[in-house]
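Report on one structure; see the data block that follows.
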Amino acid sequence: MAYSPKVMEHFSNPKNVGEIKDADGLGKVGNPVCGDQLFLYIKVKDDIITDIKFKTFGCGAAIATSSMVTELAKGKTLDEALKITRKDVANELGGLPPQKMHCSNLAADALHNAIHDYLIKQGRESPP
Ligand code: FES
């Protein structure tokens, strides 16, 4: 199984790792099959994601995709960030081996969950 140089770069030197204590939105996702878990925190001002951090308990591909998704979403409006798809994340990383595609799903899902969490807390969306 070969990883692209971009995956290796984000795995070896992941961006935006950590936790935001007073986050405005939190996305939590897990994959029951591999047991990996991902927490993604956002700070929002004027509907722009001003800060974003993640903690991933998972495989190298999950770490690389989390790192990439935070880089893609930082500075974006909520609407723009909601449009970041699972595929975008994998493409930006130069592709992922087929059996690792679910890892990129986790990262995009966590981002979307964090945004929905924020909108629900603001009363702009109803809870699921
Ligand atoms: Fe499950 Fe990567 S093996 S997230």
Side-chain angles (χ1 to χ4, degrees):
M1 183 163 54
Y3 286 113
S4 72
K6 206 95 202 157
V7 171
M8 293 313 292
E9 182 190 317
H10 278 268
F11 168 61
S12 318
N13 186 18
K15 308 283 190 304
N16 308 308
V17 176
E19 185 178 334
I20 301 176
K21 290 270 184 247
D22 56 343
D24 296 318
L26 167 62
K28 279 189 264 186
V29 289
N31 182 304
V33 179
C34 63
D36 287 1
Q37 269 193 326
L38 167 49
F39 298 87
L40 191 141
Y41 309 82
I42 53 170
K43 284 297 277 181
V44 180
K45 188 156 197 286
D46 299 330
D47 275 4
I48 290 176
I49 297 179
T50 53
D51 199 10
I52 180 163
K53 290 206 186 306
F54 77 90
K55 278 200 303 199
T56 295
F57 305 92
C59 71
I63 292 169
T65 50
S66 307
S67 169
M68 178 52 88
V69 95
T70 58
E71 287 285 278
L72 289 176
K74 204 180 216 171
K76 294 265 183 352
T77 65
L78 297 178
D79 283 346
E80 287 166 343
L82 278 171
K83 290 196 187 101
I84 297 172
T85 63
R86 299 162 163 190
K87 214 161 160 246
D88 291 336
V89 181
N91 287 349
E92 285 290 333
L93 284 168
L96 280 169
Q99 63 272 49
K100 287 286 169 183
M101 280 307 286
H102 79 271
C103 316
S104 65
N105 298 351
L106 279 187
D109 290 352
L111 171 66
H112 297 169
N113 286 357
I115 296 171
H116 290 304
D117 180 52
Y118 169 75
L119 292 171
I120 290 165
K121 282 182 181 146
Q122 295 284 308
R124 289 161 61 184
E125 234 177 48
S126 18

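Note that ligands are numbered from 1 as they come in the structure, with each ligand's atoms numbered from 1 the same way. Note: hydrogens, waters and symmetry copies are ignored here, and every other heavy atom, side chains too, is used.
- Protein residues having at least one heavy atom under 4.0 Å from any atom of ligand 1 are Cys34, Asp36, Cys59, Ala62, Lys100, His102, Cys103, Leu106, listed by chain and number.
- No side-chain donor-acceptor contact under 3.5 Å links Thr77 to the backbone of Asp47.
- Inter-residue side-chain proximity for Thr56 and Asp36 is flagged as unmet; no heavy-atom pair is nearer than 4.5 Å.
- With rounding to the nearest 0.5 Å, the separation of CE in Met68 from OG in Ser104 is 11.5 Å.
- The main-chain N or O of Ile84 is found under 3.5 Å from a side-chain atom of His112 such that the two form a donor-acceptor pair.
- Atom NZ of Lys28 has 12 or fewer neighbouring heavy atoms from other residues, nucleotides or ligands inside a 6.0 Å radius.
- Ser66 contributes a side-chain N or O that, together with a main-chain N or O of Ala62, makes up a donor-acceptor pair within less than 3.5 Å.
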